[in-house]
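First the structure, in the form of C-alpha coordinates, and then the observations on it.
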Amino acid sequence: MSNPFTHKTYKILFIFLSLDLLIILLHLLFGRFILFNLDFEANIPTIYQGLKLLIFAHLFALFIFRNEFKKFSWMVKFISIFAFLLTLFVALDEMAMIHENVPTFVMDFAPAQSIELNDTARESGYDGSIWVIYYLPIFMTAAGLFLLQLKSLYKHLKLWVLVFIFAITLLILVPVFETFSTSGSYSENYNTLITVEESAEILGMTLISFSYYKFLLVAGKYQEVKK
(Lines give C-alpha, C1' and ligand atoms only; values in the text may rest on other atoms or scores of the structure.)
Protein backbone atom coordinates (compact mmCIF):
# COMPACT_ATOMS: atom_id res chain seq x y z
CA MET A 1 0.00 0.00 0.00
CA SER A 2 1.44 3.35 -0.98
CA ASN A 3 1.99 6.08 1.55
CA PRO A 4 -0.91 8.55 1.36
CA PHE A 5 1.17 11.40 2.78
CA THR A 6 3.45 13.69 0.86
CA HIS A 7 6.73 15.23 1.99
CA LYS A 8 4.97 18.59 2.02
CA THR A 9 2.69 17.31 4.76
CA TYR A 10 5.65 16.52 6.99
CA LYS A 11 7.18 19.91 6.25
CA ILE A 12 4.26 21.46 8.13
CA LEU A 13 5.23 19.54 11.27
CA PHE A 14 8.95 20.27 10.84
CA ILE A 15 8.37 24.01 10.38
CA PHE A 16 6.09 24.37 13.38
CA LEU A 17 8.23 22.25 15.69
CA SER A 18 11.25 24.32 14.69
CA LEU A 19 9.36 27.53 15.43
CA ASP A 20 8.11 26.06 18.73
CA LEU A 21 11.67 25.36 19.83
CA LEU A 22 12.74 28.83 18.71
CA ILE A 23 10.00 30.44 20.82
CA ILE A 24 11.04 28.37 23.84
CA LEU A 25 14.70 29.24 23.26
CA LEU A 26 13.89 32.96 23.06
CA HIS A 27 12.14 32.66 26.42
CA LEU A 28 15.13 30.91 27.97
CA LEU A 29 17.60 33.46 26.60
CA PHE A 30 15.57 36.66 26.77
CA GLY A 31 12.78 35.84 29.21
CA ARG A 32 13.58 38.97 31.18
CA PHE A 33 11.87 40.87 28.37
CA ILE A 34 8.07 40.69 28.37
CA LEU A 35 8.10 40.46 24.57
CA PHE A 36 9.61 36.94 24.72
CA ASN A 37 8.40 35.73 28.13
CA LEU A 38 6.09 32.71 28.01
CA ASP A 39 4.40 33.80 31.22
CA PHE A 40 2.92 36.95 29.66
CA GLU A 41 0.08 37.49 27.21
CA ALA A 42 -0.15 39.64 24.07
CA ASN A 43 3.49 39.07 23.12
CA ILE A 44 5.40 37.09 20.50
CA PRO A 45 4.78 33.60 22.00
CA THR A 46 1.03 34.25 22.36
CA ILE A 47 0.63 35.70 18.88
CA TYR A 48 2.67 32.86 17.38
CA GLN A 49 0.60 30.19 19.15
CA GLY A 50 -2.64 31.79 18.02
CA LEU A 51 -1.53 32.13 14.40
CA LYS A 52 -0.25 28.56 14.36
CA LEU A 53 -3.60 27.21 15.50
CA LEU A 54 -5.44 29.40 13.00
CA ILE A 55 -3.37 27.79 10.24
CA PHE A 56 -4.34 24.32 11.48
CA ALA A 57 -7.98 25.41 11.69
CA HIS A 58 -7.67 26.55 8.07
CA LEU A 59 -6.30 23.12 7.08
CA PHE A 60 -9.26 21.44 8.78
CA ALA A 61 -11.65 23.80 6.99
CA LEU A 62 -10.08 22.94 3.63
CA PHE A 63 -10.65 19.26 4.39
CA ILE A 64 -14.29 19.90 5.28
CA PHE A 65 -14.92 21.75 2.01
CA ARG A 66 -13.45 19.01 -0.17
CA ASN A 67 -15.91 17.69 -2.73
CA GLU A 68 -15.67 14.13 -1.44
CA PHE A 69 -16.32 15.18 2.18
CA LYS A 70 -20.05 14.39 1.84
CA LYS A 71 -19.16 10.75 1.09
CA PHE A 72 -17.34 10.20 4.38
CA SER A 73 -18.92 8.46 7.36
CA TRP A 74 -20.79 10.57 9.89
CA MET A 75 -18.01 10.02 12.46
CA VAL A 76 -15.35 11.44 10.12
CA LYS A 77 -17.60 14.40 9.38
CA PHE A 78 -18.28 15.00 13.05
CA ILE A 79 -14.64 14.83 14.10
CA SER A 80 -13.58 17.01 11.17
CA ILE A 81 -15.99 19.77 12.15
CA PHE A 82 -15.20 19.32 15.85
CA ALA A 83 -11.46 19.60 15.17
CA PHE A 84 -12.01 22.77 13.17
CA LEU A 85 -14.21 24.43 15.80
CA LEU A 86 -12.01 23.38 18.72
CA THR A 87 -8.78 24.54 17.07
CA LEU A 88 -10.39 27.83 16.02
CA PHE A 89 -11.65 28.39 19.56
CA VAL A 90 -8.26 27.67 21.14
CA ALA A 91 -6.56 30.00 18.63
CA LEU A 92 -8.96 32.83 19.49
CA ASP A 93 -8.62 31.99 23.18
CA GLU A 94 -4.84 32.37 22.95
CA MET A 95 -4.96 35.76 21.27
CA ALA A 96 -7.92 37.17 23.22
CA MET A 97 -6.99 35.69 26.63
CA ILE A 98 -10.49 34.24 27.01
CA HIS A 99 -9.47 31.52 29.46
CA GLU A 100 -8.11 34.07 31.92
CA ASN A 101 -11.51 35.79 32.01
CA VAL A 102 -13.83 32.76 31.92
CA PRO A 103 -14.40 32.81 35.73
CA THR A 104 -15.43 36.49 35.44
CA PHE A 105 -17.80 35.73 32.56
CA VAL A 106 -19.40 32.87 34.49
CA MET A 107 -19.73 35.10 37.56
CA ASP A 108 -21.69 37.62 35.46
CA PHE A 109 -24.18 35.09 34.11
CA ALA A 110 -24.37 32.57 36.96
CA PRO A 111 -22.97 34.12 40.14
CA ALA A 112 -24.41 31.55 42.55
CA GLN A 113 -23.04 28.58 40.59
CA SER A 114 -19.70 30.32 40.14
CA ILE A 115 -19.33 30.97 43.86
CA GLU A 116 -20.37 27.40 44.66
CA LEU A 117 -17.78 25.99 42.22
CA ASN A 118 -15.04 28.23 43.63
CA ASP A 119 -15.89 27.26 47.21
CA THR A 120 -16.02 23.55 46.33
CA ALA A 121 -12.65 23.75 44.58
CA ARG A 122 -11.00 25.53 47.50
CA GLU A 123 -12.54 23.22 50.08
CA SER A 124 -11.24 20.20 48.16
CA GLY A 125 -7.72 21.62 48.39
CA TYR A 126 -7.45 23.03 44.86
CA ASP A 127 -5.89 26.50 44.92
CA GLY A 128 -4.79 26.85 41.30
CA SER A 129 -6.43 28.79 38.47
CA ILE A 130 -10.20 28.27 38.31
CA TRP A 131 -10.28 28.44 34.51
CA VAL A 132 -8.59 25.03 34.42
CA ILE A 133 -11.72 23.48 35.96
CA TYR A 134 -13.97 25.06 33.33
CA TYR A 135 -11.82 23.90 30.41
CA LEU A 136 -11.01 20.39 31.61
CA PRO A 137 -14.28 18.76 30.40
CA ILE A 138 -13.81 20.24 26.92
CA PHE A 139 -10.38 18.77 26.39
CA MET A 140 -11.21 15.46 28.05
CA THR A 141 -14.16 15.10 25.66
CA ALA A 142 -11.97 16.00 22.68
CA ALA A 143 -9.28 13.52 23.68
CA GLY A 144 -11.85 10.75 24.23
CA LEU A 145 -13.53 11.27 20.86
CA PHE A 146 -10.30 11.22 18.92
CA LEU A 147 -8.82 8.28 20.79
CA LEU A 148 -12.02 6.34 20.13
CA GLN A 149 -11.83 6.97 16.41
CA LEU A 150 -8.07 6.53 16.17
CA LYS A 151 -8.50 3.01 17.51
CA SER A 152 -10.26 2.02 14.30
CA LEU A 153 -7.43 3.47 12.21
CA TYR A 154 -4.56 2.09 14.27
CA LYS A 155 -3.26 -0.21 11.53
CA HIS A 156 -2.80 2.83 9.27
CA LEU A 157 -1.68 5.26 11.96
CA LYS A 158 0.42 3.30 14.43
CA LEU A 159 3.08 5.97 14.82
CA TRP A 160 0.61 8.84 14.94
CA VAL A 161 -1.57 7.19 17.55
CA LEU A 162 1.51 7.17 19.78
CA VAL A 163 2.30 10.77 18.86
CA PHE A 164 -1.30 11.70 19.66
CA ILE A 165 -1.12 10.01 23.08
CA PHE A 166 2.20 11.75 23.77
CA ALA A 167 0.63 15.09 22.80
CA ILE A 168 -2.29 14.48 25.15
CA THR A 169 0.19 13.68 27.92
CA LEU A 170 1.95 17.01 27.31
CA LEU A 171 -1.35 18.88 27.41
CA ILE A 172 -2.38 17.11 30.62
CA LEU A 173 0.79 18.49 32.17
CA VAL A 174 -0.39 22.04 31.39
CA PRO A 175 -3.19 22.24 34.01
CA VAL A 176 -1.05 20.20 36.43
CA PHE A 177 1.85 22.65 36.29
CA GLU A 178 -0.60 25.57 36.11
CA THR A 179 -1.99 24.38 39.44
CA PHE A 180 1.47 24.08 40.97
CA SER A 181 2.69 27.45 39.69
CA THR A 182 -0.38 29.39 40.83
CA SER A 183 -0.88 27.66 44.17
CA GLY A 184 1.89 29.57 45.92
CA SER A 185 3.30 26.39 47.43
CA TYR A 186 6.09 26.18 44.85
CA SER A 187 6.94 29.88 44.50
CA GLU A 188 10.68 29.19 44.60
CA ASN A 189 10.31 27.06 41.45
CA TYR A 190 7.81 29.33 39.71
CA ASN A 191 9.96 30.15 36.66
CA THR A 192 10.82 26.50 36.09
CA LEU A 193 7.19 25.42 36.39
CA ILE A 194 6.04 28.14 33.99
CA THR A 195 8.70 27.19 31.44
CA VAL A 196 7.72 23.51 31.58
CA GLU A 197 3.99 24.32 31.47
CA GLU A 198 4.17 26.71 28.52
CA SER A 199 6.65 24.54 26.60
CA ALA A 200 4.35 21.52 27.05
CA GLU A 201 1.43 23.59 25.75
CA ILE A 202 3.30 24.90 22.70
CA LEU A 203 4.70 21.51 21.67
CA GLY A 204 1.56 19.60 22.67
CA MET A 205 -0.73 21.80 20.59
CA THR A 206 1.51 21.38 17.55
CA LEU A 207 1.63 17.60 17.88
CA ILE A 208 -2.05 17.14 18.64
CA SER A 209 -3.16 19.49 15.85
CA PHE A 210 -0.89 17.74 13.36
CA SER A 211 -2.16 14.36 14.60
CA TYR A 212 -5.72 15.56 13.94
CA TYR A 213 -4.63 16.58 10.47
CA LYS A 214 -3.03 13.19 9.81
CA PHE A 215 -6.14 11.50 11.12
CA LEU A 216 -8.33 13.39 8.66
CA LEU A 217 -6.08 12.54 5.74
CA VAL A 218 -6.05 8.86 6.66
CA ALA A 219 -9.75 8.79 7.49
CA GLY A 220 -10.55 10.29 4.13
CA LYS A 221 -8.54 7.57 2.39
CA TYR A 222 -9.33 4.45 4.41
CA GLN A 223 -12.51 5.12 6.39
CA GLU A 224 -15.65 3.42 5.20
CA VAL A 225 -17.86 5.96 3.50
CA LYS A 226 -21.51 6.41 4.27
CA LYS A 227 -23.72 4.21 2.12
Side-chain angles (χ1 to χ4, degrees), residues 3-28 38 44-63 76 79-95 99 132 135-136 138-178 193-222:
N3 192 330
F5 310 123
T6 65
H7 293 296
K8 289 183 179 180
T9 304
Y10 287 105
K11 284 182 180 179
I12 296 173
L13 178 62
F14 176 77
I15 290 172
F16 280 126
L17 284 180
S18 297
L19 290 174
D20 288 351
L21 294 175
L22 176 60
I23 291 295
I24 295 170
L25 181 62
L26 287 173
H27 167 78
L28 293 174
L38 294 175
I44 288 178
T46 303
I47 295 172
Y48 162 72
Q49 183 80 331
L51 289 176
K52 176 181 69 178
L53 293 174
L54 282 177
I55 291 173
F56 276 113
H58 175 68
L59 291 174
F60 298 148
L62 290 178
F63 183 86
V76 173
I79 291 188
S80 302
I81 296 172
F82 186 83
F84 165 71
L85 294 175
L86 180 62
T87 309
L88 181 61
F89 170 75
V90 176
L92 296 176
D93 179 277
E94 279 291 325
M95 293 189 286
H99 62 282
V132 173
Y135 274 48
L136 200 56
I138 299 175
F139 292 108
M140 288 181 66
T141 300
L145 284 173
F146 282 95
L147 283 175
L148 179 65
Q149 189 61 13
L150 282 173
K151 181 180 178 182
S152 66
L153 292 169
Y154 179 72
K155 63 180 179 180
H156 305 297
L157 272 172
K158 290 181 180 179
L159 173 62
W160 290 102
V161 169
L162 298 177
V163 171
F164 184 85
I165 294 173
F166 176 67
I168 289 178
T169 302
L170 287 178
L171 293 179
I172 289 175
L173 289 177
V174 174
V176 172
F177 282 97
E178 170 79 16
L193 291 172
I194 283 295
T195 300
V196 174
E197 173 201 337
E198 297 295 339
S199 298
E201 179 182 347
I202 290 174
L203 294 170
M205 288 307 300
T206 295
L207 293 174
I208 205 166
S209 298
F210 191 76
S211 296
Y212 287 176
Y213 183 52
K214 300 294 276 187
F215 161 75
L216 295 179
L217 292 177
V218 173
K221 185 175 180 67
Y222 296 110

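Please read these numbers as outputs of a predicted model, since none were measured by experiment. No hydrogens, no waters, no symmetry mates; every other heavy atom, side chains included, goes into these values.
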Looking at [atom1] of [X] and [atom2] of [Y], how far apart are the two atoms once the value is rounded to the nearest 0.5 Å?
{"X": "S80", "Y": "L85", "atom1": "OG", "atom2": "CG", "result": "11.0 Å"}
{"X": "L203", "Y": "I23", "atom1": "CG", "atom2": "CD1", "result": "11.0 Å"}
{"X": "Y48", "Y": "L26", "atom1": "OH", "atom2": "CG", "result": "11.5 Å"}
{"X": "L13", "Y": "D20", "atom1": "CG", "atom2": "CG", "result": "9.0 Å"}
{"X": "L22", "Y": "I44", "atom1": "CG", "atom2": "CD1", "result": "9.5 Å"}

Quick check: F63 with Y213 (ring centres under 6.0 Å apart)?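 Between F63 and Y213, which both carry aromatic rings, the centre distance is not below 6.0 Å.
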Find out whether [X] and [Y] are in side-chain contact, i.e. whether some heavy atom of one side chain is under 4.5 Å from a heavy atom of the other.
{"X": "I12", "Y": "F56", "answer": "yes"}
{"X": "L54", "Y": "T87", "answer": "no"}
{"X": "I81", "Y": "F60", "answer": "no"}
{"X": "F16", "Y": "I55", "answer": "yes"}

Please report the shortest heavy-atom distance between [X] and [Y], naming the atom on each side.
{"X": "S211", "Y": "L207", "value": "OG-O, 2.7 Å"}
{"X": "G50", "Y": "A91", "value": "O-CB, 3.5 Å"}
{"X": "L53", "Y": "M205", "value": "CD2-CE, 3.7 Å"}
{"X": "L28", "Y": "T195", "value": "CD2-CG2, 3.9 Å"}
{"X": "L38", "Y": "S199", "value": "CD1-OG, 4.3 Å"}

Test side-chain contact (heavy atoms from CB on, under 4.5 Å) on L171 and I208; report intermediate values, then the result. CA-CA 9 Å; L171 293 179; I208 205 166; 3.8 Å; yes
Would you check, one step at a time, whether the test side-chain contact (heavy atoms from CB on, under 4.5 Å) holds for I202 with L21? CA-CA 9 Å; I202 290 174; L21 294 175; over 6 Å; no
Can I194 and E198 be said to form a side-chain contact (heavy atoms from CB on, under 4.5 Å), step by step? CA-CA 6 Å; I194 283 295; E198 297 295 339; 4.1 Å; yes
Go through it in stages, so that I can follow the logic: the residues are H58 and L62, the test is side-chain contact (heavy atoms from CB on, under 4.5 Å), and I'd like the CA-CA distance, side-chain angles, deciding distance and then a yes or no. CA-CA 6 Å; H58 175 68; L62 290 178; 3.6 Å; yes
Taking atom CZ of F166 as the centre, does the number of heavy atoms from other residues, nucleotides or ligands within less than 6.0 Å exceed 12?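 Result for CZ/F166: open.
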In this structure, which one of K52, Q49, E201 forms a side chain to side chain donor-acceptor pair (under 3.5 Å) with T206?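 Looking at K52, Q49, E201, the match for T206 under the side chain to side chain donor-acceptor pair (under 3.5 Å) is K52.
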